[in-house]
Each structure stands twice: as structure tokens, then as C-alpha cells.
Number of protein chains: 2
Amino acid sequence: MTASYTYNRPSRVSDEARSKVLTAAVQLGYGGPDASARSLRRGSTRALGVVMGEHLSYAFEDPQAASFLAGIADVCADAGYCMTILPITGASDDAARIPSAAVDGFIVWTTSDDDPILQAIQAMKRPAVVHGGPAIPGLGLVGIDNRAAAHAVGAVAFAGAERPAVVSFPLSRARIGTIMHGADARDVLFPVTRERLEGYRQAAEEIDIAWHRVPIGVCAHNDAAEAERITATLLSLPEPPDAIAAMSDEQAAGVVRAAVAAGRAIPDDLAITGWDDAATASHLGLTTVAQSLREQGAACARVALGEAPNPPAAPWSVVRRGSTRH
Amino acid sequence: MTASYTYNRPSRVSDEARSKVLTAAVQLGYGGPDASARSLRRGSTRALGVVMGEHLSYAFEDPQAASFLAGIADVCADAGYCMTILPITGASDDAARIPSAAVDGFIVWTTSDDDPILQAIQAMKRPAVVHGGPAIPGLGLVGIDNRAAAHAVGAVAFAGAERPAVVSFPLSRARIGTIMHGADARDVLFPVTRERLEGYRQAAEEIDIAWHRVPIGVCAHNDAAEAERITATLLSLPEPPDAIAAMSDEQAAGVVRAAVAAGRAIPDDLAITGWDDAATASHLGLTTVAQSLREQGAACARVALGEAPNPPAAPWSVVRRGSTRH
DNA sequence: CTGTTAGCGCCTTCAG
DNA sequence: CTGAAGGCGCTAACAG
């Protein structure tokens, strides 16, 4: 029909025919091409699917996740693509929601090795990318070298320390909060957490501290309040730590609060490092790992759009501030 | 075909036929029903469209917007609906992206009276709701009574003051930052801003200050740094304000910084109020307007799903803290 | 510049 | 419990 051209290539239709179509459309209450029918016919939905953590609303609770999404949004807006966030709830039917999403490609926020979402996405045979990890055959991977970064920031955190400790993200999707010593990498199912712990381990061993002697405060969530509580516990141990490397600036902010409450001087009594170089890190003068989640989000979107090949590992750097020993 | 039943009503198919279908599917590389075709046939996409401000990435830069989105996410996750954020860029083709979105309903973050998006959505004849305003015939409206809330918090801000002032959101989508006196409501195209200014006006007039004598620092964006700069300018006026009502806690945080930099005591030299009761408000001890953007987001989602009628105006309250006079 | 044809993949309806 | 038919609304490709 000429009607289709009227909407899709107006120039291919005479002014007369076009206005006839348009007036008829108004009379019939026709509001333009139907998006689903168009997607079916074209074979493209012009939407990117985003899977954020174990519950959809997580996307809007973690400030780093928000930066990441903003990066995706920048690229989607330029490309005219919708950003479709999938309704993940943590229930067993999550994987079934992957194939029923009308999207051209997928972006997955870092998850655990055993997350069934990953297989479901792999089976879709559409462009897809994982942020942070795990690496999955057939899917792209965007992120920094977490082990190297943890090694580097851990070396700064633990410099001059005798009793280093770590405040960690959870080890698995069970999200058990606990205090342990020298986590075994095989028990750690979140690859980002695993790599960072391995990096901290290297840093500890370089100051001649055996990993099994390093206390690790494992938090169930990335949350300042929980980090504060677990730090208070660490500081009340018989041999309290004199350096703590945390996995986010959020957590580090909680560590700082607990240190202040316990009367510790920073960095002399307790050196502290964060991760991400968020606004709170510069406010608090935290030594931290700088990376751009926004740029990484944009990179993910380009891969999921099929616009770019999988990029090389993203850049990072250690930002030294007053929370560590010179 | 039996194949369709195999995926949609497995119980309606014998075990034998089902496994035959499933093995054939694997051999043919068939990954289950196609989402677009299913949407076309069913007449429903199981996705909600969200329009956030003038550029898609705005959604992830404003912390209040994040709360609002989290509320939408809660409801979408429960309903198994995707949340589709539309690629709005501020360009002239934004309105064209409304009809091409494959969604069952629309949620619009507060915008200006003259935003062409609104007409485009009205024309879609699908469930749709606007947060904050403007009110559009045929669309739902969710939000608080901004005028009443501004009147109430303004009364607290201006109590005992002689030279009240306001730090405001922009008046129109042109987003011009300026200092003016007693804005004319007719020039204010953002209804939320307009209503709040009217409320502050009432509060000023109740302490016998004519509105045209009240300086208004109009910021282009909701941003602490800009509020800080404009407050510095206000405080350097020949008759500097001794009370400032801001339109967000973000802005109020900037006002506080400028006040401290100018050596003003809070609240004695300068009373300050914010809006939203964000975390920063309790950190800074700000008097503010409490409202739940998260609950309002959820209410919007229920309306856009057609699950609920348009709710009554959302609750709010004034939270008094140390930033205002006794 | 305009008109026609032929499906995209699915699922509701009806018959076996 | 299984099979067949038909059409949702659209647009690529091909005539005229």
C-alpha cells in the first residue's frame, strides 16, 4: 500500500496521495504503523535488553549501576534504540523471561558463574555482552582487569600494615554475610569478587602475610551500613586490622564511619581503600580505583548493537588520597 | 501446530508429542516463540514505556528519578512486564519515537506544558500517566499537591525572615539560568515549578513580602554546583536573603555550601529548606518536604498497566530540622 | 510515482 | 489429545 510509504518514505509518495492517506488515517483513527507488526516484518525490534542483577529494581539502587545504565542510555539514544530492562525477580522463572523479551541484543550486569540467565542468553544467538564477568563463549565481555587493579590498590592499602583485612562483596548469589579468613577462590562464584580477592591476596602475600590469616568481612550487599557493622566487628577482634581494602566506595564510606566511631585515626591506625572513584571517594579523601562505568556501559551497548567488536579491557587507575599511608 | 502448545500449554500436549517437538526444536535451532510475532498476535507487548525528561540518560543522573524508576521496576517485576525506556534526545523527532515504541502503556516523568511528547502519547490511546504534571485529558496524573507543599515548607523557611528568596528549577525547556524577581506564573511552563513558586509566593505574602521583591535564582538544572553558584550571587546582592527555599535537597546542599563559604550561620543568618527528604537532607539537617517518589513510581506503573484507576494526590509532609529558625 | 503480492511467526478457533 | 486454517499489521521486492 501507498499508506506504508506515506509513513516510512514520505518522499516516495506524491503530496496528494500522502495527504489523502493522512486524512483517511485521521478519519479511521489510525495512529501510524504498529510497532510489533513492524518488528516482526523487519526482524528487528530496535531495542536492547538489559539484565541488572537479581532484581529489576537493583538497577536503580546502586549508584554505580546508574552510571553504567547512563552509558548504555547515551548510545541507545544516539542509535534511536529503546532500552528494555527485563523483569528479573530472583525467582526460578527468570531464565524464561529472556527468550520472551522483544530485543535485538542483550547486556548483562555482572553476575555469578552459575546464573541460569547466562545460558538462556547464550541460547538466543543474538549479540550479547556481559559486564564484569563471567566470560561466556559466544558473549562479549566488557570490564577492567579486576585482579590487577586489586593487586595495585591492595599494595597501597596494605603498605606499612601488619594486619591487613578486606571488606568484600558476597561470594555467591546466596549472599551470605560472614567473616572468614582467606577465602578459597573456588568458593567464590562472582567472578568480579573472585578476581579482586585474588588481587588482594597477592598484595597481602607481598608484605609476607599468609592469605589464610587475612580476615575478610563478607557483606551480603553493596551497602555502607552493612560495611560499617562488619567493620565494627573486625575492629573488635583480638588482633584488629590496621588496613582495610573495600570493594566499593560505598563500603569504604561505611568502613570510615566505623573507624571514626572506634576512635581510629585514618590512615595511621587504619588505612582504607575503596573502589570506583565515586563522588563520595573524593569527599572522604579515599584512595580508590578509578574506572568509568559510564564508558563501560556505552561499550556494552555498542557491542550489543553489533556496532563494535568486543573492546579490549577497560582502563583503570589507582587514585591515591589521604586514606592510605603516604 | 502442536508446537505452539508445547511452549504455551505443555499440559495440553502428550509427553510423547512434547518431547518430539522439543528435540526437533533443538535440531532446527529453534529457540522458542518469537517475541514480536507473539506480541502482534496477542495484541500486547508486556512492556511499559517510560519517558524520562529531555534526554534518556537524565533518568540515571537524578537520584530522585532513580527512586521513581525503582518504584516502576517493583511493579513491572511483579507483573512480568519489561520496562522500556524510550530514546528521547531533545531533538525534534522525539515525538515520532512514541508511536514506534512496542509498549502497552506509557509513563511520563514531569515535563513542560508545551512538550510535544504529550500530544503524541495522548494520540496513542493506550493507558498512560504523567508524573507531576501537566494534567492532560485522557492521561492519568500522579503526584503531590506541589502548591500546598511549597506553601507549607515556605512558611517554615520564611518564618522570622525579612528577605526571603527562592532557588528554583528552570521555568521552561529552554532551561535559562538567571536571577529574577517574583516570576510571573504565566511564564512558567513546567507545572511542578509553577505550582511550587505559587506556594512560595503565598508563604512570602503571608509575612508581608510582595512577590515581586522576592529574588528567584533560576537554575538551568537540578544540580548542587549550580545552586551553589547562584546562591553565592544572591548572597552578594545589596540586600542579601536571610531565607532560601530550594526545590530539591540537591539544590539545598549547594545553598548550604555557598552559605558556609560566605560565613553565614544556618539558620540564624540564613534559613534553608530543600525538597524530597533524600539522604543528603538528613545528613545536612535540612528542613524539607518528604514524599515517596518510589511509591509514586509504583502508582504510575499500576495506572499504566491498567491495573488501577488514577490514584488520589500522593501524601507529603514537611520534615523540620535544624536548617530553619526554631 | 503507484499498486500488488507474499509472507514474517504466532495463536485462536474450529474439526477431527 | 492433535491437526488445519486463517489472519494479526506490516513492508521488501517486484511489476506497471
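Per chain, numbering begins at 1; letters A, B, ... match sequence-line order. Scope of the values below: all heavy atoms of this structure, side chains included, with no hydrogens, waters or symmetry mates.
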Between the base of D:dC10 and the side chain of A:R41, is there any donor-acceptor pair under 3.5 Å?
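Per atom types, no contact qualifies.
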
Over all strands shown, is A:Y7 touching base, sugar-phosphate only, or nothing at heavy-atom distances under 4.0 angstrom?
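Here A:Y7 touches no strand at all.
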
Check the distance between [N]'s [atom2] and [X]'s [atom1] and give it to me in whole angstrom.
| X | N | atom1 | atom2 | answer |
| --- | --- | --- | --- | --- |
| B:R38 | C:dT12 | CZ | C1' | 14 Å |
| A:R42 | D:dC8 | CZ | C1' | 18 Å |
| A:L40 | D:dT11 | CG | P | 11 Å |
| B:K20 | D:dG3 | NZ | C1' | 13 Å |
| B:D34 | C:dC11 | CG | C1' | 13 Å |

Going by heavy atoms in the side chains, are A:D74 and A:R294 under 4.5 Å from each other?
yes

With the side chain counted from C-beta on, respond yes when A:Y7 and B:S100 share a heavy-atom pair under 4.5 Å apart, and no when they do not.
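A side-chain contact under 4.5 Å is absent here.
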
Under 3.5 Å: donor-acceptor pair, side chain of B:N146, backbone of B:T193
no

What nucleotide, of D:dG6, D:dA12, D:dG9, holds the atom closest to the side chain of A:A37?
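Given the options D:dG6, D:dA12, D:dG9, the side chain of A:A37 is closest to D:dG9.
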
Crowded around B:Q119 CD? As in, over 12 foreign heavy atoms under 6.0 Å?
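No - once you tally the heavy atoms of other residues, nucleotides and ligands closer than 6.0 Å, there are 12 at most.
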
